[in-house]
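Proteins get letters first, then strands, A, B, ... in listed order; numbering begins at 1 in each.
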Number of protein chains: 2
Amino acid sequence: MDTDILYTHICSYVQISRDEFELFFKLFKPVYLKKGEFHYIAGKVPKYWSFTLKGCLREYWIDTGGNEKIFQFYEENTWVGQVESMIKQKPTDMNLQALEDCELLCITGDDMCNAAKTPWIQHFTIQKSFSDNAAIIENSNRIKSASPEELYLEILKERPSLLLRVPQHYIANFLGIRKETLSRVRKRIAHL
Amino acid sequence: MDTDILYTHICSYVQISRDEFELFFKLFKPVYLKKGEFHYIAGKVPKYWSFTLKGCLREYWIDTGGNEKIFQFYEENTWVGQVESMIKQKPTDMNLQALEDCELLCITGDDMCNAAKTPWIQHFTIQKSFSDNAAIIENSNRIKSASPEELYLEILKERPSLLLRVPQHYIANFLGIRKETLSRVRKRIAHL
DNA sequence: ATGATTTGTTGATCCAAGTCAACGATATTC
DNA sequence: GAATATCGTTGACTTGGATCAACAAATCAT
């Protein structure tokens, strides 16, 4: 198992030695998902907090009208999990599904809580929580205020890799528009 | 100064003694805002993290089109502040304005960081950050998926006090619709 | 390979909300 | 208490995106 990727990632939040990292790393186990499989589903408490090594996943919930709403896509080197739900042992309302064969590094809620007694891990957790918070707000604001065309151009600029691996109708869903509308937006943009 | 309100509030997150609380409480100072005044503005780093004792505030940002977008209203017994911005000394893009004369309890970013060395305060901070996180996601999801009428009915149910003290056009802005549309929604609902 | 499913495009129509404008009602201010 | 902002309602009109439907293209399964 190549530990470099996660080590590098964590170092972007906190300065730690390789040894400190290895102790933490021992708590993770690899999980492999086939395309289409679920890592957690609505109505249950997720088992793990996970780091994506390979693959792409979509996290969605079902709205009151019974429609799937994609909340987020996760690609390589991102964390995914329902921390609040695991801590409080409260079922999540999100579903996490692999869009490709995936390879994750997973830690249980309990192990994470214990690990958080270690100062640097606690610090990492807090930093991450705050920056997640800010990112969610920013993302939420963006979606609230932009037109479909602006949203698509933004995703084209910010996350071009997504567009190459995720079916368009999922992108449309994520942006809160119909697949037909996205198709037309793309056509309009191409003609510019 | 009546310390009961904040003490009770914090106890809903962590079990602490009155003495422990008083030590923490010493770090807060009262701030009074007149209707219309700003507690922080976009482009600067906010000075304080604040607990609302009295009054109502709106937090908004300016979108790329130059329009005000209300992100949240704050009433009594809620925390308001840009934690990420204070920690990283990075200017916020939010404005916080008093909609009524307000009374806040404020702690500086530095004092908060120091205080976070105390275990219960750190625990409180983490818990709050996680639950904020979950709340923001839920709110963002709601706004994404509901019709104006559903949104208004929800606010009517969840935060009826807001409707009594906040001008309707601010509510409309918060819901992401025009004031005329909200007026018509209200008319329709009244006729049911 | 071939049939079946998933995915993406295009056209026609509809409708909810935006826009513009006028006006009433309500607060604020001096 | 008159003058002035602010706030809320209503009407007429426009429009962007949803909806419905048909089909084309790509992918998958056996």
Side-chain angles (χ1 to χ4, degrees), chain A residues 33-37 55-58 60 63-70 73 97-101 142-156 162-192, chain B residues 33-37 55-58 60 63-70 73 97-101 142-156 162-192:
Chain A
L33 295 174
K34 285 278 171 205
K35 177 175 175 173
E37 284 183 348
C56 181
L57 307 102
R58 69 179 184 122
Y60 68 92
D63 75 5
T64 47
N67 308 300
E68 288 182 3
K69 299 273 176 173
I70 296 176
F73 296 106
Q97 184 183 32
L99 296 179
E100 308 167 358
D101 294 355
R142 203 182 320 184
I143 290 186
K144 234 169 153 178
S145 74
S147 69
E149 188 160 323
E150 289 170 322
L151 289 174
Y152 182 75
L153 285 172
E154 225 168 82
I155 217 173
L156 187 63
L162 260 193
L163 303 181
L164 300 174
R165 68 204 303 194
V166 172
Q168 253 182 62
H169 66 280
Y170 283 152
I171 301 285
N173 184 309
F174 176 60
L175 299 179
I177 60 179
R178 295 269 125 187
K179 64 183 200 300
E180 295 94 331
T181 301
L182 180 55
S183 177
R184 283 167 185 132
V185 164
R186 281 164 48 84
K187 194 178 173 186
R188 210 180 315 145
I189 288 171
H191 286 182
L192 294 182
Chain B
L33 295 174
K34 285 282 171 200
K35 177 174 176 174
E37 284 183 346
C56 182
L57 307 101
R58 69 179 183 122
Y60 69 92
D63 74 5
T64 47
N67 308 300
E68 288 182 4
K69 298 275 176 172
I70 296 175
F73 296 106
Q97 183 183 33
L99 296 179
E100 308 169 357
D101 293 354
R142 202 183 318 181
I143 289 186
K144 234 166 150 180
S145 74
S147 69
E149 187 159 325
E150 288 170 321
L151 288 174
Y152 182 75
L153 285 171
E154 223 168 85
I155 218 174
L156 187 65
L162 260 194
L163 304 181
L164 300 174
R165 67 203 303 194
V166 172
Q168 254 182 62
H169 67 281
Y170 282 152
I171 301 285
N173 184 309
F174 176 61
L175 298 180
I177 60 178
R178 296 268 125 187
K179 64 185 200 301
E180 295 93 331
T181 302
L182 179 56
S183 178
R184 286 170 181 128
V185 164
R186 280 165 47 86
K187 194 178 174 185
R188 209 182 314 145
I189 289 171
H191 286 182
L192 295 181

- Task: Have a look at I177(A) and say if it touches a base, only the backbone sugar-phosphate, or nothing, with a 4.0 Å heavy-atom cut-off.
- Result: sugar-phosphate

- Send over the distance from K35(A) NZ to dT27(D) C1', rounded to a whole Å. 8 Å

- Query: If you take all heavy atoms of K69(A) and D63(A), which pair is closest and at what distance?
  - Reply: CE-OD2, 3.0 Å

- Message: For dG11(C), does the base pair up with any side-chain atom of R184(A) as donor and acceptor (N or O, under 3.5 Å, distance only)?
- Response: yes

- From CG of L164(B) across to C1' of dA27(C) the rounded distance in Å is 17 Å

- Item | Side chain to side chain, N173(B) and Y60(B), heavy atoms closer than 4.5 Å | no

- Query: Where the side chain of R178(B) is concerned, which of dT19(C), dC20(D), dG8(D) is the nearest nucleotide?
  - Reply: dT19(C)

- Message: So G176(A), base contact, sugar-phosphate only, or nothing? Heavy-atom distance under 4.0 Å.
- Response: sugar-phosphate

- Task: Would you mind telling me which of dG17(D), dA17(C), dG11(D) lies closest to the side-chain atoms of S147(B)?
- Result: dA17(C)

- Within this structure, what is the CD-to-C1' distance between E100(B) and dT6(D), rounded to whole angstrom? 16 Å

- Task: Could you state the atom-to-atom distance from CG of L182(B) to P of dT9(D) in whole Å?
- Result: 8 Å

- Message: With a cut-off of less than 4.0 Å, is there a side-chain N or O of H169(A) near OP1 or OP2 of dG8(C)?
- Response: yes

- Of all the choices, dG11(C), dG18(C), dT9(D), which nucleotide is nearest to the side chain of K179(B) once you look at every atom? dT9(D)

- Query: If you check the S183(A) side chain, which of dC28(D), dT28(C), dT10(C) turns out closest?
  - Reply: dT10(C)

- Note on the structure: Among dG11(D), dG8(D), dT7(C), the one nearest any side-chain atom of K187(B) is dG11(D)

- Starting from P on dG8(C), measure out to CD1 on I171(A) and report it in whole angstrom. 9 Å

- R188(B) CZ to dT10(D) P: how many Å, rounded? 13 Å

- Task: May I have the distance from R165(A) (atom CZ) to dT27(D) (atom C1'), rounded to whole angstrom?
- Result: 18 Å

- From CG of N173(A) across to P of dG17(D) the rounded distance in Å is 17 Å

- Query: Can you name the nearest heavy-atom pair linking K34(B) to A98(B), along with the distance?
  - Reply: O-CB, 3.7 Å

- Message: On the nucleotide dT6(D), are OP1 or OP2 found under 4.0 Å from the side-chain N or O atoms that Q168(B) carries?
- Response: no

- Message: Please give me the minimum heavy-atom distance between Y152(A) and L182(A), naming the atom from each residue.
- Response: CD1-CD1, 3.4 Å

- Message: Using the side-chain heavy atoms of E180(A), tell me which of these nucleotides is nearest: dA12(D), dC20(D), dC28(D).
- Response: dC20(D)

- Give the nucleotide from the list dG17(D), dT19(C), dT9(D) with an atom nearest to the side chain of T181(A). dG17(D)

- Measure the shortest side-chain to side-chain distance between F73(A) and R58(A) over non-hydrogen atoms and say whether it is less than 4.5 angstrom. yes

